[in-house]
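Only one structure is covered here, and it is reproduced in the block below.
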Amino acid sequence: MSTTNGQWYPPEWPERIRLLSAGELTPVTPRRAATVLLLRDGPVGRDGDGGRGGEPAPENLAAAPEAAGAPEGAEAPVEGVRDGAGGPGGPAVYMLRRRASMAFAGGAYAYPGGSVDPRDERMVTWAGPSRAQWARRLGLDPGEATQAQAIVCAAVRETFEEAGVLLAGPTPHTVVADTTGDDWEADRAALVARDLSFAEFLDRRGLVLRSDLLGCWARWITPEFEPRRYDTWFFVAALPRGQRTRNASTEADRTVWIRPGDAADGYDRGELLMLPPTIATLRQLRAHGSVAEALAAAADRDLTPVLAQARVENGELVLSWPGHDEFTKRIPGATGGSST
């Protein structure tokens, strides 16, 4: 369906909405998932140029692919977390573009992330808020501390699998400095292939998962009429000093460090394709001038799940996301059915 901006909206959705409204479609139970808005202060640029290429306009980013596997290459000290004073336009966020061949959101810009692996519930050495505290923060039941760990582990694991960045260290107060060697790549590939669980990976290397480096930003649930549904928690985290991003994902054909405002402007011009939660989180990040500000703001974010609603109104199908009026779609020609 045509649009004047970059909102991803597949052509099969209107018919699926009609089927759901008519009671002819049974919603799929969403899978739990996690995604990470990886942030850094300083320059922006495509993966592989170390951020030294200035600030490419979003339209140029959309037109010039980068080779998969290219390192980000920015020089930095080897310990701790980047915590500069920000730069013009605020912090940069790491984004990847899903390959056009992907069945879900092909061609859309997104963040590293993916589904929870059942093995993410296996015990790991843990630093930061307790699992029970995370359960409360994530909006889970008090008895779901293990499931809360799985969501946090999925966020850290998927960031390593898709961007080569690891939020873990040898002690509760340190972070690994470099994850680019052949041995790291072998472990990353084993994680992707599910030949190695995340708990086994951390234990083998004697690493502590740094849950304190994550802040939870938002929670979105895929609409009920979509067959590939996810209950996704969006986290923010700073790029650790010394670590370098790279396009390690087979699902992405390009990656970029970009200011949230620049990415949002590209979406508004219809040049960058995104799902509603992606552009919504970018607009929210735009208000923060540094990584430190964004991380501090995460503690007070409302994590009420955002779930699209579809209804019939005056002969039209109306699709809306509560609290996000900009994504409302009106499809003419609706025929009967009840609201969802």
Requested in this report: Any chance you could measure Ile221, atom CD1, to Arg229, atom CZ, to the nearest 0.5 Å?
Outcome: 7.0 Å
Query raised in the report: Considering only heavy atoms from C-beta outward, does the side chain of Ile151 approach that of Leu140 to under 4.5 Å?
Result: yes
Query raised in the report: Hey, are the side chains of Leu167 and Leu209 touching, using non-hydrogen atoms and a 4.5 Å cut-off?
Result: no
Report task. Start with the C-alpha distance between His324 and Arg283, add both sets of side-chain angles, then the distance that settles side chain to side chain contact (heavy atoms under 4.5 Å, CB included), and finish with yes or no. Result -> CA-CA 11 Å; His324 300 272; Arg283 294 203 196 285; over 6 Å; no
Query raised in the report: Can the ring centres of Phe160 and Phe198 be said to be less than 6.0 Å apart?
Result: no
Query raised in the report: Distance-only, no hydrogens or angles: does the Thr222 side chain make a donor-acceptor pair with backbone N or O of Tyr230 under 3.5 Å?
Result: yes
Query raised in the report: Of all heavy-atom pairs between Arg228 and Glu12, which one has the smallest distance, and what is that distance?
Result: NH2-OE2, 4.4 Å
Query raised in the report: Does Arg210 use its side chain to pair, donor to acceptor, with the backbone of Thr174 at less than 3.5 Å?
Result: yes
Requested in this report: Check Leu275 against Ala108 and note the closest heavy-atom contact, atom names and distance.
Outcome: CD1-CB, 3.8 Å
Report task. Hey, could you give me the CG/CG distance between Leu239 and Leu213, rounded to the nearest 0.5 Å? Result -> 11.5 Å
Requested in this report: Could you tell me whether the side chains of Trp321 and Thr328 share a donor-acceptor contact shorter than 3.5 Å?
Outcome: no
Query raised in the report: Just wondering, do Leu37 and Phe234 contact through their side chains at under 4.5 Å, heavy atoms?
Result: yes
Query raised in the report: Do Trp134 and Trp126 have side chains that get closer than 4.5 Å, going by heavy atoms?
Result: yes
Report task. Indicate whether the side chain of Arg244 and that of Thr180 have a donor and an acceptor atom separated by less than 3.5 Å. Result -> yes
Requested in this report: With Glu144 as reference, evaluate Arg32, Arg131, Arg136 under the salt bridge (Lys or Arg N to Asp or Glu O under 4.0 Å) test and give the passing residue.
Outcome: Arg32
Query raised in the report: Does the side chain of Trp233 come within less than 4.5 Å of Trp220's, by heavy atoms?
Result: no
Query raised in the report: Between Thr281 and Trp217, do the side chains contain an N or O donor and an N or O acceptor separated by less than 3.5 Å?
Result: no
**Report entry** Side-chain donor or acceptor of Ser197 paired with backbone N/O of Arg119 under 3.5 Å
**Finding:** no
Query raised in the report: Considering all heavy atoms of both residues, which atom of Val175 and which atom of Gln243 are nearest to each other, and what is their separation?
Result: CG1-NE2, 3.5 Å
Query - Polar side-chain atom of Thr255 near backbone of Asn247 as donor-acceptor pair, under 3.5 Å - result: no
Query raised in the report: Do the numbers put Arg18 on top of the ring of Trp13, so that NZ or CZ is under 6.0 Å from the six-membered ring centre and no more than 45° off the axis?
Result: no
Query raised in the report: Any donor-acceptor pair under 3.5 Å linking the side chain of Asp41 with the backbone of Val291?
Result: yes
Query - Check: Glu316 side chain, Val318 main-chain N or O, donor-acceptor pair, under 3.5 Å - result: no
**Report entry** Minimum side-chain heavy-atom gap Arg330-Leu319 below 4.5 Å
**Finding:** no
Report task. Report yes or no: do Val208 and Val124 belong to one cluster of Ile/Leu/Val/Met/Phe/Trp/Tyr joined by side chain heavy-atom distances under 4.5 Å? Result -> no
Query raised in the report: Is Gln7 reaching over with its side chain to a backbone N or O of Leu273, donor-acceptor style, under 3.5 angstrom?
Result: no
Query raised in the report: Step by step, would you call Glu161 with Arg157 a salt bridge (Lys or Arg N to Asp or Glu O under 4.0 Å)?
Result: CA-CA 6 Å; Glu161 289 181 9; Arg157 174 180 52 75; 3.1 Å; yes
Report task. Spell out, yes or no, whether Trp184 and Leu202 are grouped together once hydrophobic residues are joined by side-chain heavy atoms under 4.5 Å, including indirect joins. Result -> yes
Query raised in the report: Tell me, do Arg16 and Glu224 make a side-chain contact under 4.5 Å, heavy atoms counted?
Result: no
Query raised in the report: Looking only at side chains, do Arg122 and Gln149 share a donor and an acceptor under 3.5 Å apart?
Result: no
Query - Same cluster (ILVMFWY, side-chain, under 4.5 Å), Leu196 and Val192 - result: no
Report task. Could you tell me whether the side chain of Asp120 and the main chain of Asp117 form a donor-acceptor pair under 3.5 Å? Result -> yes
Query raised in the report: Got a salt bridge between Asp183 and Arg205, using NZ or NE/NH1/NH2 to carboxylate O under 4.0 Å?
Result: yes
Report task. Please state whether the rings of Trp257 and Tyr94 are parallel, tilted or perpendicular, taking 30° and 60° as the class boundaries. Result -> tilted
**Report entry** Contact summary for Ala92 and Arg259, nearest pair of heavy atoms
**Finding:** N-NH1, 3.6 Å
**Report entry** Rounded distance (nearest 0.5 Å) linking atom CD of Gln133 with atom OG of Ser211
**Finding:** 8.5 Å
Report summary line: When rounded to the nearest 0.5 Å, the distance separating OG of Ser115 from CZ of Arg31 is 3.5 Å
**Report entry** Residue Asn314 excluded, over 12 heavy atoms near CG under 6.0 Å
**Finding:** no
Query raised in the report: From Met274 CE over to Asp268 CG, what is the distance, rounded to the nearest 0.5 angstrom?
Result: 9.0 Å
Query raised in the report: When hydrophobic residues are tied together by side-chain contacts of less than 4.5 Å, even through go-betweens, does Val116 share a cluster with Phe201?
Result: yes
Query raised in the report: Do Cys216 and Leu303 touch side chain to side chain, with heavy atoms closer than 4.5 Å?
Result: yes
Query raised in the report: Do you reckon Leu96 sits in the same ILVMFWY cluster as Leu282, going by side-chain contacts under 4.5 Å, direct or chained?
Result: no
Query - salt bridge (Lys or Arg N to Asp or Glu O under 4.0 Å) between Arg204 and Asp187, worked out - result: CA-CA 10 Å; Arg204 175 189 296 177; Asp187 280 349; 3.0 Å; yes
Requested in this report: Looking only at non-hydrogen atoms, find the nearest pair between Ala237 and Leu214 and report the distance.
Outcome: CB-CD2, 3.9 Å
Report summary line: All heavy atoms of Pro322 vs all of Ala308, minimum pair found to be CD-CA, 4.5 Å
**Report entry** Separation of Leu25 CG from Phe225 CZ (nearest 0.5 Å)
**Finding:** 10.0 Å
